[in-house]
K.L.:
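Can you keep this structure in mind? I'll have questions shortly.
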2 protein chains.
Amino acid sequence: MTGILENRIKSMANLSAEAFGLLMNSMQPKPIGKGQYLLKEGQVCKAIYYVEKGYLRTFYTKDGKEINTRFSFENDFVTELKSLRSAIPSDYSIQTGEETVVWEFTKEKLLDLYGQSVEIESFGRNLLEQMLIDQEEHANLFKIYSPTERYQYVIRQFPHLLQRVSLSHLSSYLGIARETLSRIRKNP
Amino acid sequence: MTGILENRIKSMANLSAEAFGLLMNSMQPKPIGKGQYLLKEGQVCKAIYYVEKGYLRTFYTKDGKEINTRFSFENDFVTELKSLRSAIPSDYSIQTGEETVVWEFTKEKLLDLYGQSVEIESFGRNLLEQMLIDQEEHANLFKIYSPTERYQYVIRQFPHLLQRVSLSHLSSYLGIARETLSRIRKNP
DNA sequence: TTCATTTTGTGATTTTTGTCACAGGCTGAT
DNA sequence: ATCAGCCTGTGACAAAAATCACAAAATGAA
C-alpha cells in the first residue's frame, strides 16, 4: 500500500501528476527485520527513509552505552543529514525497533530528481522545514523543562513512544537515568 | 560591506550571476540598536535574518523567566521557522544582544524568488539543511553530555559565546542554573 | 511449559544540581 | 566621582537525580 506515503507527499507540496509519478516510480517499499541496521556508525549515509510501518531508532555510542537520539515512526522521514550531506562517516547508527517497512530515497536519485523537477525540489525544501521545526521543538524541551516535565510532555504529545519503546531506550532519549524514569512514571 | 554575505551565499549554492543579483538586489542591510526586538512573542515571524554584525538572542518566557534557546552571531541565518512557515504567533522573541546589522529576507520576497529561480530555491534548501544539522547537533548535546561536559563542549567549539554572552544568559541556553555554571567555570 | 534473557521496580546511598540569600564588582549615566 | 542597576561569586542548605545492587516481572525461544 502506497496510500500513506502518497498522502504525506501531497500534503507537503503541490506536485503535478508528472512530478509525482517521477518521484514514486523510482522507489519501492523495503521490508526490514527487527533489529536490522539501515546505517551503522562509521558508514556514510546514502539515503532518506520514509517509515511506512514499524519504527527506527537512531543512536550514538558513548563509553559503550547507546544513547538514543531519535525515534521515527509511521509516516516519518529519517536520515542522518550530516553524513548524507557531506558524504562523511556517520557518528550515529539507525536500527529498526520492530518489523519495519521503509521507502528508500537515495541521495543520488533525489539530486537527480531535484534537477529534473522544480516541484520535487520544493517538496524537499518543505520536508526539511518540517524536520527542522520538529527538531527545534525537541531541543527546546531540554532547556525549558525538567526531566519530570519532559516525561509529561512526551506522554501528552507522543503517547505511542511509551507503548512501543522500552523504558530503557526512552530514558536516554529524555536524558534521564533509567531508574529515575521508572520512578517518575509511578508518581504522576 | 556585503562581502561576507556574498561569500556565505556563494559557498552554499552555485548561483548564476542573474540569480545572485536577483537575491541581493532585493535586500539592504538594516542596523538595529542593542536591546531592540526583531520579533516579539505573539507576533508572526515574517522573515529570515542574516547577521552581518552583532548578535541575536532567541528566547522563550516561562514563569516570567527568559530561557534562551539560541544565539546567532556574525554570518548566521536566523528565523522562527514554526511561526514563519505557518504564519502563526511565535512562542519566542528575538532580540539583539549588541549593536547589530542584519539583512532581512522576507518570506514574501523569498517565495517570490523561489518561483523565479530554481537556483535560489536550491540555495534555500541548502540553507535549511545546514540549519538542521546544527540544530540536531545542539539537541544531542543534552542527551550525550552532562552539564559540565556541555560547558566544556561550548568553550571548545564556540568560545565567542563566553566572551560575548553574559553568564546568566548562557546558563539557560545550556540548561544549567546560573550559580552552577558559575561554579563549573571555576573548576576546569 | 520451562528456562534463559531482557526489562523493569525499588531501596539505600552518594553525587550533582538547584534554590535562597547576600556581598562584592562592574558598567554606564548623570 | 558617584550612584543605581545589573551581573557574578559564594556559602549553606534543600531537592533532585545518578549510581549501585538486587529482586521481581515480562518476554521469547525451545
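The sequence lines fix the lettering, A, B, ..., with proteins before strands; numbering per chain opens at 1.
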K.L.:
What about A:Tyr173 and A:His138, are their ring centers closer than 6.0 Å?
P.N.:
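Between A:His138 and A:Tyr173, which both carry aromatic rings, the centre distance is below 6.0 Å.
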K.L.:
Send over the distance from B:Ile176 CD1 to D:dG9 P, rounded to a whole Å.
P.N.:
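In whole Å, D:dG9 P lies 14 Å from B:Ile176 CD1.
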K.L.:
Okay, side chain of B:Ser117, backbone of B:Tyr114: is any donor-acceptor separation there less than 3.5 Å?
P.N.:
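Side chain of B:Ser117 to backbone of B:Tyr114, a donor-acceptor pair under 3.5 Å: no, none is there.
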K.L.:
Of all the choices, C:dT10, D:dG9, D:dA17, which nucleotide is nearest to the side chain of A:Glu179 once you look at every atom?
P.N.:
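Nearest to the side-chain atoms of A:Glu179, counting from C-beta on, is C:dT10.
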K.L.:
Calculate the interatomic distance between A:Leu162 atom CG and C:dT7 atom C1'; express it in whole Å.
P.N.:
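Rounded to the whole Å, the gap is 15 Å.
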K.L.:
Is the phosphate of C:dT8, meaning OP1 or OP2, less than 4.0 Å from a side-chain N or O of A:Ser168?
P.N.:
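Answer is yes, contact under 4.0 Å.
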K.L.:
Expressed as a whole number of angstroms, how long is the span from A:Ile184:CD1 to C:dT10:C1'?
P.N.:
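Atom CD1 in A:Ile184 sits about 15 Å away from atom C1' in C:dT10.
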K.L.:
Can you tell me the distance, in whole Å, between the CG atom of A:Asn68 and the P atom of C:dT7?
P.N.:
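These atoms are roughly 11 Å apart.
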K.L.:
Figure out the NE2/P separation between A:His169 and C:dT7, and round it to whole Å.
P.N.:
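Roughly 6 Å, once rounded to whole Å.
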K.L.:
Quick check, are the ring centers of B:Phe105 and B:Tyr49 under 6.0 angstrom apart?
P.N.:
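No; B:Tyr49 has its ring centre 6.0 Å or more from that of B:Phe105.
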K.L.:
Between atom CZ in A:Arg183 and atom P in C:dT10, what is the gap in whole Å?
P.N.:
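Atom CZ in A:Arg183 sits about 9 Å away from atom P in C:dT10.
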K.L.:
So, OP1 or OP2 of D:dC7: does either fall under 4.0 Å of a side-chain N or O from B:Arg178?
P.N.:
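No, no such contact exists.
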K.L.:
Give a yes/no answer on whether the side chain of A:Ser166 brings an N or O atom under 4.0 Å of OP1 or OP2 in C:dT7.
P.N.:
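Result: no.
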K.L.:
Indicate whether OP1 or OP2 belonging to D:dT8 is found under 4.0 Å from a side-chain N or O atom of B:Ser182.
P.N.:
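The answer is no; no side-chain N or O of B:Ser182 sits under 4.0 Å from OP1 or OP2.
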K.L.:
For B:Lys186 and D:dG9, is the shortest distance between a side-chain N/O and OP1 or OP2 below 4.0 Å?
P.N.:
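No, no such contact exists.
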K.L.:
Checking A:Asn140 against A:Tyr145: is there a side-chain donor and acceptor pair closer than 3.5 Å?
P.N.:
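There is no such pair between these side chains.
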K.L.:
Set out, in order, the CA-CA distance, both residues' side-chain angles and the distance that settles side-chain contact (heavy atoms from CB on, under 4.5 Å) for B:Phe73 and B:Val165, then state yes or no.
P.N.:
CA-CA 11 Å; B:Phe73 292 90; B:Val165 172; 3.9 Å; yes
K.L.:
Take the protein atom NZ of A:Lys34 and the nucleotide atom P of D:dT27, then report the distance between them rounded to whole Å.
P.N.:
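Roughly 11 Å, once rounded to whole Å.
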K.L.:
Rounded to whole Å, please give me the gap between CD in A:Glu66 and P in C:dT6.
P.N.:
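Atom-to-atom, A:Glu66 to C:dT6, this comes out as 13 Å.
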